[in-house]
Amino acid sequence: RRVLFRSNQLSVDYPKSPYAPYALYQAAEYAERRGQAANYEEANNLIEQLVNNYPKDDLVFYARLKQGHLLRKLTYFSRAEQVYQNLDNNPQFAQHPGRAAVELALADTHAAQATQDPSHLEAAHRIYERLLDLATAPVPIKIEAGYKYGLSLSRHGRVDDALRVWGVVMNFLVRSNGDVASFGAQGEYWLSRTLLDFGALLQQEKKPAQAHEAYDLILKTGLPGAAIARDNLNRLQPATPAAQ
C-alpha cells in the first residue's frame, strides 16, 4: 500500500512533472498486482486520472488498453468492449503499432460474451480471421488470433474449418524453418497450444499419422509442451502384439 501511495503522490505533489503520468500508471499496475476486485477498481480509477489529466501523453494508449483488461477481470465485458472500440477507432492512434493487440483484446471480449449473445461470436470470428490475414499484424498476434479462431470453430462443430485455420497457423512455423525463437515467448506459447490442439483434433478425426506430425513438430523445434507432446505420441503408438 505504501508503494502505491508513493507512486500516486508524485502526481499529486508535482502534477506538471513529466513523470506524473508514469507515476499514475505504475500505481495502477501495483494496484492490479494485488489481485482483488477492489484493487482492480482502484487501478481503473488511477487510469482514469491519467487519461483525464494527461490526454496527450504517450502512455494514454497503453493505459486505455490496460483499462480494458482490468474491466474484463472485473467481468464488465460490455464496458471493456467499449474501451477497446474507442481506442481502435481513435484517429490519434491510427498508426499506433499496438492496434493489433487492441483488436485481439476486442475479439476476446466478444468471445467472452458469446454464450449470452451469438452475434458476439460472429464478431469475434471476424476479428480473429482478419488478424490472421492482416499483413501488418505482428506474427505472434497472428498466431494467437489463429489459435483462438480455430479453437472456437472446433468447439462449435466446425471441425474442417478449424483444421484449415490451424493449418494456416502451422505454416508460420514451416516458413520459419524451425526458428521458433523468432516468434518470441508469446508466439512460441500459442504455436505450442495450436499444435497440441491440432493433434488432438486430428486424433478425434481418426488421422493418427497427421496427429503424429503435429506432436513431433513440438519436439523437433523445442516449443513448450514437450512432455505433453511426448505423452500423446506414446499413446499414438500401436499396441505391441502379445507374445505367442
Search all heavy atoms of [X] against all heavy atoms of [Y] and return the closest pair with its distance.
{"X": "Asp88", "Y": "Arg99", "result": "OD1-NH2, 2.9 Å"}
{"X": "Ala63", "Y": "Val51", "result": "CB-CG2, 4.3 Å"}
{"X": "Ala100", "Y": "Pro138", "result": "CB-CD, 3.9 Å"}
{"X": "Leu131", "Y": "Ala137", "result": "O-CB, 4.0 Å"}
{"X": "Tyr215", "Y": "Ala200", "result": "OH-N, 3.0 Å"}
{"X": "Tyr54", "Y": "Ala20", "result": "OH-CB, 3.3 Å"}

Got more than 12 heavy atoms from elsewhere within 6.0 Å of [atom1], [X]?
{"X": "Tyr22", "atom1": "OH", "result": "no"}
{"X": "Ile228", "atom1": "CD1", "result": "no"}
{"X": "Arg175", "atom1": "CZ", "result": "yes"}
{"X": "Asn53", "atom1": "CG", "result": "yes"}

Q | Evaluation steps, ring-ring contact (aromatic ring centres under 6.0 Å, His included), between His69 and Tyr40 | A | CA-CA 10 Å; His69 299 345; Tyr40 299 151; over 10 Å; no
Q. According to the interplanar angle, ranging from 0 to 90°, do the rings of Tyr147 and Trp166 count as parallel (below 30°), tilted (30 to 60°) or perpendicular (above 60°)?
A. parallel
Q. Measuring from Leu191:CG to Leu223:CG, what's the distance to the nearest 0.5 Å?
A. 6.0 Å
Q) Side-chain donor-acceptor pair under 3.5 Å between Asn44 and Glu48, yes or no? A)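 Their side chains do not contain a donor-acceptor pair, so the 3.5 Å distance test is not met.
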Q | Evaluation steps, side chain to side chain donor-acceptor pair (under 3.5 Å), between Asn86 and Gln82 | A | CA-CA 6 Å; Asn86 289 343; Gln82 193 62 51; 3.0 Å; yes
Q. Are Leu151 and Leu121 linked, directly or through other ILVMFWY residues, by side chains that come within less than 4.5 angstrom of each other?
A.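 No; tracing contacts between hydrophobic side chains, which count when under 4.5 Å, never links both residues.
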Q | Stepwise salt bridge (charged side-chain N to carboxylate O under 4.0 Å, His left out) check, Asp216 with Lys220 | A | CA-CA 6 Å; Asp216 198 42; Lys220 287 180 177 177; 3.1 Å; yes
Q.
Given the ring of Trp190, does Lys142 sit roughly above its face, with NZ or CZ under 6.0 Å from the centre of the six-membered ring and within 45° of the axis?
A.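 No, Lys142 does not lie over the aromatic ring of Trp190.
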Q.
Quick one: does any side-chain atom of His156 pair with a main-chain N or O of Arg158 as donor and acceptor, under 3.5 Å?
A.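 Side chain of His156 to backbone of Arg158: no pair is present.
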